[in-house]
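All chains are named by letter (A, B, ...) in the order of the sequence lines, taking the proteins before the strands, and each is independently numbered beginning at 1. It should be emphasised that the depicted structure is a prediction, and the values quoted were computed from it without experimental measurement.
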Amino acid sequence: MASYDFREIETRWQQEWADQGMYRVPNPGEEGFDDSKPKKYFLDMFPYPSGKGLHVGHPLGYIGTDIFSRFHRMRGANVLHPMGFDSFGLPAEQYAVETGVHPRITTEKNIETFTRQLKAFGFSYDWDRAVATTDPEYYRWTQWIFLQLFGSWYDAGQNKARPIAELVEELESGLRAADGVMWQNLPERDRREYLDSQRLAYIDEVPVNWCPALGTVLANEEVTVDGRSDRGNHPVYRRPLRQWMLRITAYADRLIDELDLVEWPESVKTMQRNWIGRSDGATLIFDIEGHTQMRVFTTRPDTVFGATYMVVSPEHPLVDEIAPEFWPDGTLPSWTLGIDSPRDAVVAYRMAASRKSDLERQIDEREKTGVFTGAFAINPLNGERIPIFIADYVLMGYGTGAIMAVPGQDERDWEFAEKFDLPIIRTVQPPPDFEGDAYLGDGPAVNSGFLDGLDIDAAKKRIIQWLETNGTGKGTVTYKLRDWLFSRQRYWGEPIPILHGPDGELLPVPEDELPLRLPDVDDYKPHASDDENAEPRPTLGNASDEWKLVDIDGVTYERELNTMPQWAGSCWYYLRFMDPTDAEQLVAPETEHYWMGDSGVDLYVGGVEHAVLHLLYARFWHKVLNDLGHVGTKEPFGKLFNQGYILADAFQDERGMYVPAADVVETDGDFTYEGEEVKRLYGKMGKSLKNSVNPDEIFEEYGVDALRLYEMFMGPLDTSRPWSTKDIVGVHRFLQRLWRNFIDEDSGEVLVSDDPSVGEVQVLLHRTIESVSQDMNNLHFNTAVARLFELNNVLVGLDRVPSDVADVLPRLLSPLAPHVAEELWHRMGKDGSVVTADWPLCNKSLIAEDTATMVVQVNGKVRDRIQVPISITEDEAVALALASERVQVHTGGAQPRKVIARLPNVVSLVV
RNA sequence: GCCGGGAUGGCGGAAUGGAAGACGCGGCGGACUCAAAAUCCGCUGAGUGAAAGCUCGUGUGGGUUCGAAUCCCACUCCCGGUACCA
């Protein structure tokens with residue numbers, strides 16, 4: 001068979017490689033391990049195996065890491081390149097609800113489909129290392145990590161997590177007290193509750209995001225800006241609930257600071273920093289007249305002399321306490337909502353505020369509203385009496401839920417002050433040309449007593465010092481980051497391995513009883529509801545009493561019925577890939593140290609949508625495991641790369657419903673679906689836009705190598721690109737042409753010459769080696785493909801492929817299009833596989849040319865190009881330039897006023 | 001509003017201070033063919049010209065420089081993130 005039969009070639013080599021275990025990579029100590037090679041760990045974000053299978057948009061990043069892995073193997077590295085499945089999650093469960101088919105069955109089937117599809121791409125994964133988060137032998141260690149979190153506390157002094165047993169020791173020895181109380185003086189129950197409150201995994205009653213439609217609570221990270229569920233776009237309500245929490249806030253500073261250790265896109269680092277939201281400022285204590293005190297947080301303690309009123313959040317617990325029966329003297333009519341008593345007024349305002357939907361809040365355009373509480377606070381700096389308001393622009397969830405309002409230096413406070421006729425005092429002098437309201441810039445302090453004249457930084461330091469000396473405040477840091485809500489009321493997730501005793505005792509399931517397997521239930525249905533007040537009820541409540549109840553020494557314990565969120569399994573899968581079948585431990589330390597090295601995974605490629613959720617959670621778990629001595633690096637992912645997306649045309653009918661893009665017909669720029677006119681749009685390829693392209697169809701028509709080349713050739717890996725099936729012919733032609741250059745289609749003869757290339761072809765060959773090597777190193781696969789096109793196009797004009805080109809070209813092509821490269825390699829009778837061949841080296845002396853094209857510019861415009869020896873001197877170059885007729889036309893023969901030479905490339909004449 | 005990224009032929013893109021548009025798609029012309037497909041060869045930013053050439057040209061306006069897609073300032077539009085966070 002002499003024509004390019006890509007289907008036959010591709011299937012045959014995939015089988016052959018699998019049979020030979022070509023991509024198996026041994027761990028240190030295992031047979032075949034070569035200690036002399038450098039290590040590389042290249043990781044893809046593993047997929048959720050959906051029932052729909054892969055479309056051509058999914059594997060864009062996978063193709064990139066595969067090329068990179070193949071390139072580095074040829075350059076002599078031990079490359080760990082694994083793949084697995086993030087297989088817990090909603091769709092399998094929803095399918096189970098609809099059909100009664102166990103999610104395990106659905107999941108296994110989907111994993112099978114995905115595995116088959118991924119293998120069809122010819123990816124060089126070590127499939128022996130594949131893991132699925134739903135495998136009990138995998139989630140056993142997810143549960144084990146949870147128990148590590150449960151079994152540790154954060155030592156703020158040492159700034160790291162430590163085993164809780166060490167806390168107990170310190171408490172018992174008197175080195176440390178429990179909230180100021182000596183350990184010996186605490187009853188047993190209080191001791192237990194104190195310890196439970198210190199753990200990194202703890203139960204707390206907190207305001208949670210309750211999504212009745214999904215029947216579960218969600219993490220902050222899973223709720224969109226407009227207050228809806230990230231999955232499914234259902235409404236989410238805030239309500240207090242006792243739930244499992246993970247103490248990620250203890251790591252807030254390290255999660256910010258240690259971003260400096262990793263090579264990540266700056267945008268992702270910024271998103272993480274913003275999400276953590278560190279603010280440096282101060283807490284101030286204000287006395288409230290006739291009552292207690294109130295604490296406020298501010299980032300601008302230097303402006304305290306300009307605090308002319310206070311605002312507390314409507315939900316603030318102090319509100320009911322401080323609001324008096326009657327309006328005090330000095331109350332303006334606009335402050336009262338027209339209600340007779342402050343107590344009634346605050347209740348009315350709070351009701352109105354809580355009823356306000358997110359939509360209404362947007363429509364309101366942030367119009368300031370509020371009501372006077374009737375109470376006054378005393379400014380600790382100048383003793384001024386200032387009124388206390390409630391307003392919904394102050395949020396209970398941030399800082400202390402109360403602020404000192406400084407309209408002179410804060411735009412929101414300014415607006416509020418204008419509306420409610422409150423005084424405005426500037427405490428920072430704006431520049432003379434300043435036009436506007438609140439002034440946020442720097443300048444000398446004014447109207448601020450002993451701060452006057454200081455700039456903002458100095459004034460902040462000075463005032464914090466004063467507050468601390470006088471006991472009316474202190475420097476404080478606050479964060480937007482909240483602890484991670486870890487309970488889900490779902491079936492298809494890891495069971496949390498905790499038993500609840502009769503009096504609130506929390507008992508971890510012993511490690512040797514892990515995995516704690518998911519029980520079978522009759523009904524997988526989450527307790528979803530349209531009623532926002534419905535009680536969340538975990539699906540595992542449907543399990544038998546036999547599973548739910550555990551008898552220990554005659555005492556009945558109840559199993560925890562919540563499961564873990566989907567992020568749990570993906571928080572640590574990169575660790576398990578290193579040692580996927582270890583029954584004794586999460587990962588063997590020497591193996592972990594080898595593959596992770598000093599800085600973790602060498603390249604992690606995935607979509608930017610995980611910038612906060614997955615990447616923040618995984619860093620958190622990794623740091624805990626590092627603190628406890630289970631892993632050796634501070635950060636899991638040394639280098640991160642976000643690949644772009646494949647975009648494609650999508651079509652909407654009259655009702656705005658998406659119609660299958662594959663069935664839309666174009667006639668003269670108009671688009672129709674089943675005879676109806678449809679509107680063309682454009683977006684990320686996927687299920688929701690109904691514009692997926694199935695890779696199987698592309699394999700049939702053009703082959704795997706063509707698809708891989710096409711996706712890489714479309715543009716740089718980190719930018720999104722529009723899919724266009726008809727454009728694949730370009731790379732397809734390249735492969736056909738390559739084939740015909742090497743193989744006579746009539747006779748099957750291998751058209752390789754006995755002689756190496758000479759002259760221009762030889763120079764081009766070595767230039768191609770040089771630039772393709774650099775492009776590969778920099779993940780510039782689009783230009784690497786272009787360089788191979790050029791070399792191949794030159795071969796079209798030759799009778800036979802010169803021997804050195806025949807030796808090099810398949811090797812350069814092998815990472816990109818491994819199947820055709822391997823076939824040509826074998827047809828030429830080369831030893832071994834091209835997969836394990838050495839990467840070609842460039843002979844630099846051949847590409848160092850002895851002449852160059854010198855551009856001559858006159859007044860900045862190119863007027864002539866002259867071939868010159870590379871070693872030309874400035875005098876020679878200028879003489880040549882001036883001698884050029886084309887140049888003389890523009891200089892008029894005059895001597896240049898100025899000459900700039902960048903030899904041998906440019907001579908620039910100014911006349 | 002704030003933060004980050006971007007804008008180059010009909011299209012995807014290349015070029016990160018020194019020849020703008022590599023490479024590919026599409027288009028035009030030619031060879032082969034009874035014909036078509038495939039393949040091969042040539043042309044293909046705009047304007048002007050018989051041609052050599054000249055002028056213009058990398059979102060807009062300005063600047064730095066002998067020289068700017070590239071650096072600086074101001075702006076427009078697009079994409080992503082975020083938002084009453086004190």
Specify the closest pair of heavy atoms between I386(A) and M310(A), including all atoms of both residues, with the distance to one decimal. CD1-SD, 3.7 Å
On a whole-Å scale, what distance lies between the [atom1] atoms belonging to [N] and [M]?
N	M	atom1	value
A31(B)	G67(B)	P	49 Å
G81(B)	G17(B)	C1'	33 Å
G9(B)	U60(B)	P	10 Å
G13(B)	G62(B)	C1'	29 Å
A69(B)	G18(B)	P	10 Å
A74(B)	U82(B)	C1'	25 Å

Is any N or O donor-acceptor pair between the side chain of [X] and the base of [N] shorter than 3.5 Å?
X	N	answer
R721(A)	G12(B)	no
R300(A)	A86(B)	no
K726(A)	C25(B)	no
T853(A)	A19(B)	yes
E411(A)	G1(B)	no

Base, sugar-phosphate or nothing for [X]? Non-hydrogen atoms, less than 4.0 Å.
X	result
E790(A)	sugar-phosphate
F789(A)	sugar-phosphate
S908(A)	base
R737(A)	sugar-phosphate
K480(A)	base
H890(A)	sugar-phosphate
D410(A)	nothing
S724(A)	nothing
P896(A)	nothing
N793(A)	sugar-phosphate

Indicate, with yes or no, if the rings of F789(A) and F713(A) have centres closer together than 6.0 Å. yes
Using purine N1 to pyrimidine N3 plus N6-O4 or O6-N4 for Watson-Crick, or N1-O2 and O6-N3 for G-U wobble, each under 3.5 Å, what pairs with A74(B)? U60(B)
Using the side-chain heavy atoms of [X], tell me which of these nucleotides is nearest: [options].
X	options	result
R865(A)	C66(B), U39(B), A19(B)	A19(B)
R863(A)	C54(B), C40(B), C84(B)	C54(B)
V394(A)	A19(B), A86(B), C25(B)	A86(B)
S279(A)	U39(B), A86(B), G12(B)	A86(B)
Y398(A)	C54(B), A86(B), G18(B)	A86(B)
T783(A)	A14(B), A86(B), G26(B)	A14(B)
K861(A)	U39(B), C56(B), G12(B)	C56(B)

Pairing donors with acceptors under 3.5 angstrom, does anything connect the side chains of E770(A) and H766(A)? no
Assess, by modelled atom type and distance only, whether the side chains of Y349(A) and T369(A) contain a donor and an acceptor separated by less than 3.5 Å. yes
Charged N-O contact under 4.0 Å between E749(A) and R800(A): yes
Parallel, tilted or perpendicular: ring planes of Y393(A) versus F416(A), cut at 30 and 60 degrees: tilted
By nearest nucleotide on RNA chain B, pick out whichever of R740(A) and M714(A) is the more 5' one. M714(A)
